[in-house]
Amino acid sequence: MRAQLAAMLFVLLALCGRALAHDTGTDPSVVVNKYIQHFVVEPDGSYTLTVDNARTIAQQRAVQSHSQYYITYNKTLDEVLSVQAYTQKPDGARIAVEPAQVRDQQESASADAPMFQDTRVKVVVFPQVAQGDQLVVRYVVHRHTPLFPGQFEDLSAAEFYPNEQFELIYDMPASMPVYADAVGFVPLPAEDPPGRKRYRWRYVPGENARIETSSVSYFDYGKRLSVSTFRDYAAFAQAFRELAAGTADADDGITALAHQLTAGLADPRAKALALSEWVRHNIRYVGVYVGPGGVVPHPASTVLRNRYGDCKDHAVLLQALLAAAGIDSTPALINSANAYRLPRTPTLGIFNHMINYLPDLDLYLDSTAESVSAGYLPASDLGKPVLLVHTGTLASTPSRQPQRNRTATWFDVLADGRSRFKVSKTTSGAIAEPYRQAVRDTRQADREQFVQRMLQGLGQKGSGVFDPGITDGNADEYSMSFSGTSDSFVNLPGPVGLSTSFSFWGGLGEKLFEMAQEKERRQDFVCPPVQAEDELGYSFPKSLRVVAVPKDLTINDRNFTYRATYVRKGNTVLIKRSLRFAHEGVVCAAAEYKRMQPLLDRMMRDLRGQVVVTGT
């Protein structure tokens with residue numbers, strides 16, 4: 001996948017890439033005076049890209065971050081023909097960027113696999129930059145080897161700065177059809193060169209709203225332009241199949257391994273899970289973008305031999321192992337960030353991840369998800385549109401999967417104000433392995449600090465031990481616990497208000513807080529299902545008297561089921577809470593939040609309730 005050169009809101013270097021979010025809205029520290037991106041495409045899909053960019057440093061805080069300009073390219077596919085740049089002072093004086101100030105360096109995604117160094121970055125270092133200066137760059141990149149022979153595609157969005165002029169131009173052979181999906185871009189008249197067709201779009205300027213917490217991708221609702229010569233996603237999938245032809249062939253080594261890993265397993269699903277687990281545990285994830293490696297997987301035999309690869313390499317090896325075990329599968333292209341919609345026009349810009357789909361089992365597998373057991377998907381894969389490469393059809397991953405989070409906490413308060421405590425956490429289903437993996441990967445020295453850090457989070461001091469439970473294997477349930485003593489837990493003689501909610505590591509309280517962070521919403525947001533239970537108990541000495549406990553609360557809504565009970569028996573108080581949140585999909589509309597917010601406020605108030613005790 002081509003790197004979007006300086007125009008992208010999200011930098012998607014390749015499949016398996018990551019997105020950069022802007023969460024402050026339009027940033028006035030920089031003004032984009034001019035951005036013109038001009039492609040001249042040839043019939044074979046090669047192209048020449050010219051970018052003219054001029055921006056003014058409007059505020060001092062932008063000097064450090066904008067004094068460099070980054071041009072990403074692939075040294076096997078591309079040639080950077082020219083780079084011209086200068087700093088222009090407010091009085092009109094120009095200070096040129098000298099050749100030595102244009103530095104070439106390896107892109108960091110390949111750093112863990114030094115034999116793969118095709119993705120490069122030219123860093124343009126502007127001299128003597130100060131507030132009020134205009135930074136001007138013009139560069140030309142020639143893509144001499146197209147990713148998709150005879151095809152072209154591009155996805156663009158404007159940066160979150162005031163844009164005075166932002167234009168996208170595509171000079172195409174008259175014989176190549178062009179399909180476009182434009183939101184916030186308007187077509188402009190353009191004069192056609194002889195034998196060619198010129199397409200031109202202008203960005204409609206305006207304020208960009210702050211990207212809200214947990215909102216869907218800007219590409220789902222914002223201004224973007226998708227341009228492609230692919231008539232539909234089926235044609236796009238066909239081109240992808242042709243690029244990857246033969247990479248999933250199973251050689252003798254792969255066949256032998258598949259038979260070894262599935263020996264004694266009769267159920268196809270059990271075989272598939274065993275193979276996916278092996279790939280998850282034994283193939284190290286590394287971005288390895290060689291030549292067209294941003295979209296083309298390496299041969300499965302090479303991935304097995306090297307024992308590392310990116311998402312496409314994981315997928316192609318798993319596909320070969322499954323085939324050797326007699327199980328049909330297809331690669332599935334997906335967005336692993338927060339994009340839940342595909343543009344009408346096919347483009348690689350929205351796909352940055354590849355997983356496997358097993359049609360006979362109706363099962364999706366993501367063997368790059370290091371902390372998620374086979375049979376489950378990471379939350380970022382749920383409820384997403386996918387393109388099944390072998391059939392060229394669009395499908396969707398499941399929106400929900402079994403998972404449960406239970407926390408039980410007990411404090412025995414002593415007469416001197418100290419307390420003995422125990423916290424037990426049990427996770428099951430999709431979230432069992434992430435917790436187990438996190439503990440498994442934590443050094444023993446750090447584990448010994450778990451209790452102290454937990455107490456610090458409660459504003460307490462003390463000591464204790466951490467029991468990690470059984471961290472081996474991938475059982476569908478995982479339990480761990482903390483226990484110890486907290487000093488000065490109750491400030492006697494009181495009266496003292498004690499919290500009714502201690503949310504440890506992803507508990508019920510944390511889930512509610514995540515959902516209720518925004519006061520209001522204008523953007524659709526990700527709202528995954530939740531099933532959590534918290535239990536908190538206090539046992540007080542005879543020298544303390546329980547003065548008050550909160551009232552029970554029950555909320556039943558089409559999405560929420562919340563129940564909080566407070567049982568006082570003698571000098572003990574037991575608090576139980578349960579939360580279930582379910583939605584038809586994993587994306588909630590902004591309008592739904594208006595209805596949800598009063599309910600979230602009631603639940604958050606309940607979490608802030610206190611048990612009041614005083615000395616007798």
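We use all heavy atoms of the structure for the numbers below, so side chains are in, but hydrogens, waters and symmetry mates are not. Here, residue 1 is the first one in the sequence, and each next residue gets the next number.
- Ring planes of F160 and Y218: perpendicular class, angle over 60° (limits at 30 and 60°).
- Taking the side chain as every heavy atom from C-beta outward, M515 and F560 approach each other to under 4.5 Å.
- Looking at S215 and Q523, their side chains do bring a donor and an acceptor atom within 3.5 Å of each other.
- Atom CZ of R595 sits in a crowded spot, with more than 12 heavy atoms from other residues, nucleotides or ligands closer than 6.0 Å.
- Between S228 and E153, the side chains place no donor N or O within less than 3.5 Å of an acceptor N or O (distance only, hydrogens not considered).
- Inter-residue side-chain proximity for E518 and R210 is flagged as met; some heavy-atom pair is nearer than 4.5 Å.
- Summarising the geometry, atom CD1 belonging to I211 is positioned 14.5 Å from atom CZ belonging to R522; distances are rounded to the nearest 0.5 Å.
- Here the CZ-CG distance, from R200 to L188, works out to 4.5 Å after rounding to the nearest 0.5 Å.
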Check step by step if salt bridge (Lys or Arg N to Asp or Glu O under 4.0 Å) holds for R341 and D524.
CA-CA 12 Å; R341 295 179 181 175; D524 293 352; 3.6 Å; yes
Run the side chain to side chain contact (heavy atoms under 4.5 Å, CB included) check on I575 and V611 step by step: do they pass?
CA-CA 10 Å; I575 304 151; V611 173; 4.1 Å; yes
Check against side chain to side chain contact (heavy atoms under 4.5 Å, CB included), M596 and R521
CA-CA 11 Å; M596 294 179 182; R521 288 186 179 273; over 6 Å; no
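- Minimum heavy-atom separation, E533 to R404: OE2-NH2, 2.6 Å.
- Between Q131 atom CD and Q60 atom CD the span is 5.5 Å, to the nearest 0.5 Å.
- R143 places no side-chain N or O within donor-acceptor distance of the main-chain N or O of G45, the cut-off being under 3.5 Å.
- In this structure, CD1 on I431 lies 4.5 Å from CG on N405, to the nearest 0.5 angstrom.
- Heavy-atom neighbours of E370 CD from other residues, nucleotides or ligands within 6.0 Å: at or below the threshold of 12.
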Set out, in order, the CA-CA distance, both residues' side-chain angles and the distance that settles side chain to side chain contact (heavy atoms under 4.5 Å, CB included) for V125 and V123, then state yes or no.
CA-CA 6 Å; V125 183; V123 184; 4.1 Å; yes
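- Judged by distance alone, the side chain of D171 and the main-chain N or O of I169 form no donor-acceptor pair under 3.5 Å.
- Side-chain contact check for M354 versus D310: every heavy-atom pair is 4.5 Å or farther apart.
- The structure places NE2 of H583 at 3.5 Å from CD of E592, a figure rounded to the nearest 0.5 Å.
- I57 approaches H66 most closely through the heavy-atom pair CD1-CB, 3.7 Å.
- Under a cut-off of 6.0 angstrom, the local environment of CD in E584 is sparse, with at most 12 non-hydrogen atoms contributed by other residues, nucleotides or ligands.
- Remark: the backbone N or O of S336 is paired with a side-chain donor or acceptor of N352 at under 3.5 angstrom.
- T554 and R563 are linked by a side-chain donor-acceptor pair at a separation below 3.5 angstrom, with hydrogens and angles left out of the test.
- Figure legend: cation-pi geometry between K384 and Y340, with NZ or CZ positioned under 6.0 Å from the six-membered ring centre and within 45° of its axis.
- The shortest heavy-atom contact between L135 and S67 is CD1-CA, 4.4 Å.
- Counting heavy atoms from C-beta outward, T407 and K425 have side chains that approach closer than 4.5 Å.
- Annotation: side chain of Y376 is in contact with side chain of P402 (closest heavy-atom distance under 4.5 Å).
- Checked against a 6.0 Å centroid threshold, the rings of F152 and F39 count as neighbours.
- A donor-acceptor pair is defined here as one N or O able to donate and one able to accept, closer than 3.5 Å; such a pair exists between the side chain of S499 and the backbone of S501.
- No side-chain N or O of D381 forms a donor-acceptor pair with one of Y364 less than 3.5 Å apart.
- At least one side-chain heavy atom of P162 sits less than 4.5 Å from a side-chain heavy atom of T26.
- Shortest non-hydrogen contact noted between S156 and Y170 is OG-OH, 4.1 Å.
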Starting from the C-alpha separation in whole Å, work towards a yes-or-no answer on side chain to side chain contact (heavy atoms under 4.5 Å, CB included) for L508 and Y562.
CA-CA 10 Å; L508 182 150; Y562 179 85; 4.1 Å; yes
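- Sparse packing is recorded around NZ of K576, with 12 or fewer heavy atoms of other residues, nucleotides or ligands lying under 6.0 Å away.
- In this structure, a donor-acceptor pair under 3.5 Å is present between the side chains of R577 and T500.
- Using a 30° and 60° split on the angle between ring planes, F236 and Y233 fall in the perpendicular class, above 60°.
- Expressed to the nearest 0.5 Å, how far CG of N33 lies from CD of E164 amounts to 4.5 Å.
- The aromatic rings of Y35 and F166 sit parallel to each other, their planes meeting at less than 30°, with 60° as the upper class boundary.
- Within 6.0 Å of CZ on R198 lie more than 12 heavy atoms contributed by other residues, nucleotides or ligands.
- K223 places a side-chain N or O within donor-acceptor distance of the main-chain N or O of V204, the cut-off being under 3.5 Å.
- Side-chain contact, D52 with Y139: no donor N or O sits under 3.5 Å from an acceptor N or O.
- The two residues L382 and V586 make their nearest non-hydrogen contact at O-CG2, 3.5 Å.
- Closest non-hydrogen pair, S226 versus T345, comes out as OG-O, 3.0 Å.
- Side-chain atoms of S396 and V386, non-hydrogen and from C-beta on, never get closer than 4.5 Å to each other.
- Residues Y357 and I334 form no side-chain contact, since every pair of their non-hydrogen atoms from C-beta on lies 4.5 Å or further apart.
- A donor-acceptor pair under 3.5 Å links the side-chain atoms of T397 to the main chain of G383, judged by distance alone.
- Atom CZ of R61 has more than 12 neighbouring heavy atoms from other residues, nucleotides or ligands inside a 6.0 Å radius.
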